[in-house]
Number of protein chains: 2
Amino acid sequence: MKKESMLSQTEENYLKEIYALQEGNQWAVSTNSIAEKMQTKASSVTDMLQKLSNKGLVDYTKYRGSRLSGKGNDKAISIVRKHRLWETFLVEKLNFLWDEVHDIAEQLEHIKSEKLIKKLEAYLGSPKFDPHGHPIPNGNGEITKVNRVSLAEFRIEEVGIFVGVKDSSDSFLKYLSKNKIAIGDTLKLLYIEPFDNSFLIYTNSRQFVISENVAKNLYLKSE
Amino acid sequence: MKKESMLSQTEENYLKEIYALQEGNQWAVSTNSIAEKMQTKASSVTDMLQKLSNKGLVDYTKYRGSRLSGKGNDKAISIVRKHRLWETFLVEKLNFLWDEVHDIAEQLEHIKSEKLIKKLEAYLGSPKFDPHGHPIPNGNGEITKVNRVSLAEFRIEEVGIFVGVKDSSDSFLKYLSKNKIAIGDTLKLLYIEPFDNSFLIYTNSRQFVISENVAKNLYLKSE
DNA sequence: ACATTTTTTTAGGTTAATCTAAAAATAAAT
DNA sequence: ATTTATTTTTAGATTAACCTAAAAAAATGT
Ligand SMILES: [Mn+2]
Ligand SMILES: [Mn+2]
Ligand SMILES: [Mn+2]
Ligand SMILES: [Mn+2]
């Protein structure tokens with residue numbers, strides 16, 4: 001039962017965090033950035049990086065930062081997969097709101113059973129995206145790549161469909177719900193105010209002003 | 001988030017085990033019996049009993065054994081509730097077999113979210129029994145008491161409905177499945193062989209011999 | 001280039017949960 | 001009532017995951 005390759009919850013959380021930090025760019029992630037995200041001290045991170053490095057999950061060079069190894073990347077993706085499938089379950093089947101599911105999924109993602117996650121996926125109808133519009137890796141770790149850009153990169157008059165959030169903090173999700181912006185909505189960028197870079201958008205038959213920060217965190221699929 | 005009353009998984013497992021050991025009888029449970037069930041050493045159990053006693057969850061007297069306190073009992077029941085609701089989910093919704101769910105539920109029962117378990121219960125239609133015929137405590141810790149006796153206590157010619165197992169080990173559950181004995185089946189005791197106390201029963205239009213040990217682990221509701 | 005600041009690692013502790021070995025208490029046997 | 005056996009507790013280590021403080025390396029500023 002206790003397989004050699006069994007990782008602790010803590011190890012899994014580190015891998016997931018490193019994955020999130022390194023995705024996109026190709027540079028090594030710094031010890032401090034991990035510490036910040038994990039809400040721990042840099043010295044604790046160093047300890048863990050040494051351990052993960054010994055297990056072949058992370059390529060770590062003293063003072064130079066870390067990247068996930070192939071094995072570490074696979075493991076991280078499998079945790080992200082579980083996280084997003086559980087979030088989908090909580091919203092689709094148990095009727096949770098999209099801003100209530102993250103913390104519960106943080107726990108559920110560590111349940112150990114390949115069969116469980118296979119069956120859960122089938123039960124949900126093999127969804128490709130979670131409630132926040134994040135892609136759900138399939139059983140082989142493949143992730144649907146989707147052409148989406150942040151609203152902040154739109155040109156005036158450009159129209160797109162809101163397909164996902166970048167920031168998925170509870171507070172941002174609550175802000176969107178409160179202002180009736182939901183995944184699937186069509187948005188049109190009307191005007192950018194030069195003074196503060198705020199965005200005037202049109203959606204659901206109304207005009208609406210959002211901050212640049214909000215715009216940056218909305219992913220749209222251009223029409 | 002980290003409530004004062006938050007218990008570790010290990011503490012929860014100890015409470016659940018003490019609960020199982022003390023249920024029925026009213027005597028203190030011995031340190032050794034806990035150690036055996038938990039697959040640890042007695043010295044580890046002593047350590048934990050001292051901790052749980054300090055937290056007011058267990059009434060523990062050195063060398064004299066332990067009983068759950070009221071608070072400890074409530075907590076144990078809430079873990080049993082979660083365990084059985086998850087087992088029901090796995091069987092009813094994800095189509096697991098009844099002999100596959102226990103180990104997964106051992107993990108799921110530790111997920112911390114009152115709201116989750118409330119919603120899960122509603123989603124399942126507030127079931128009163130889990131896939132093994134064990135009663136599921138309600139949100140107030142109340143347990144449906146059911147009049148059931150083990151087949152071993154039946155008299156010849158007595159008829160009953162199989163409503164649950166005592167032993168719910170994978171191997172016993174697999175034995176029952178293999179021999180096509182399922183919850184809900186009507187059973188009649190035909191004869192007890194004096195030589196080895198084996199039981200001849202009639203069910204599903206056929207006769208069938210089971211050992212005394214099997215008979216002891218079948219709970220029936222007498223007709 | 002050298003001094004200062006920032007980042008990262010090491011050294012040395014702490015806590016929870018475990019272990020082994022030894023001591024103490026209780027129970028059983030003579 | 002002693003002796004013997006069993007059960008339980010204590011003492012002292014170990015491991016994982018954390019911490020603080022100090023040392024070392026790297027980055028930055030002049
Ligand atoms: Mn999430
Ligand atoms: Mn998500
Ligand atoms: Mn079970
Ligand atoms: Mn059960």
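A, B, ... follow the sequence lines: proteins, then strands. Residue 1 opens every chain.
Close to dT8(D), at under 4.0 Å from its OP1 or OP2, lies no side-chain N or O of Y60(B). In this structure, Y14(A) does not reach the dA16(D) phosphate: none of its side-chain N or O atoms is under 4.0 Å from OP1 or OP2. In this structure, N32(A) reaches the dT8(C) phosphate: one of its side-chain N or O atoms is under 4.0 Å from OP1 or OP2. Note on Y63(B): every side-chain N or O is 4.0 Å or more away from OP1 and OP2 of dT6(D). For R64(A), no side-chain nitrogen or oxygen approaches OP1 or OP2 of dT9(C) to under 4.0 Å. Neither OP1 nor OP2 of dT18(C) sits under 4.0 Å from any side-chain N or O of Q39(B). Taking side-chain N and O atoms only, T46(A) has a distance below 4.0 Å to OP1 or OP2 of dT9(C). Distances shorter than 4.0 Å separate none of the side-chain N or O atoms of K41(B) from OP1 or OP2 on dT8(D). Neither OP1 nor OP2 of dA26(D) sits under 4.0 Å from any side-chain N or O of K62(A). A close approach under 4.0 Å does occur between a side-chain nitrogen or oxygen of S44(B) and OP1 or OP2 of dC19(C).
Remark: C1' of dT9(C) and CD1 of I34(A) are 14 Å apart, rounded to the nearest angstrom. Atom C1' of nucleotide dA11(D) and atom CD of Q50(B) are separated by 12 Å, given to the nearest angstrom. With rounding to whole Å, E36(A) atom CD is found 16 Å from dT6(C) atom P. Put simply, CD on Q9(B) is 15 Å from C1' on dA16(D), counting in whole angstrom units. Distance, L49(B) CG to dA16(C) C1': 15 Å, rounded to whole Å. dT10(D) atom P lies 16 Å from atom CE of M48(B), rounded to whole Å. Between the CG atom of D47(A) and the C1' atom of dG13(C) there is a distance of 12 Å, given to the nearest Å. Between M38(B) atom CE and dT18(C) atom P the separation is 7 Å, expressed in whole Å.
Relative ring orientation between F162(A) and W98(A) is described as perpendicular, the plane-to-plane angle rising above 60° on a 0-90° scale split at 30° and 60°.
For the ring-ring contact (aromatic ring centres under 6.0 Å, His included) with H83(B), the qualifying choice from H110(B), H102(B), H132(B), H134(B) is H102(B), the only one to do so.
With respect to E100(A) and K119(B), no salt bridge is recorded, no charged nitrogen being found less than 4.0 Å from a carboxylate O. At a threshold of 4.0 Å, the pair K16(B)-E109(B) counts as salt-bridged, since one of the basic side-chain nitrogens sits closer than that to a carboxylate oxygen.
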Pair up each side-chain donor or acceptor in residues 32-45 of chain B with any protein partner under 3.5 Å, not counting sequence neighbours, and list the distances.
{"unit_1": "S33(B)", "atom_1": "OG", "unit_2": "S30(B)", "atom_2": "N", "d": "3.4"}
{"unit_1": "S33(B)", "atom_1": "OG", "unit_2": "S30(B)", "atom_2": "O", "d": "2.7"}
{"unit_1": "S33(B)", "atom_1": "OG", "unit_2": "S30(B)", "atom_2": "OG", "d": "3.1"}

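Evaluation of atom-type donor-acceptor distances gives a pair under 3.5 Å for the side chain of S43(B) against the base of dT20(C).
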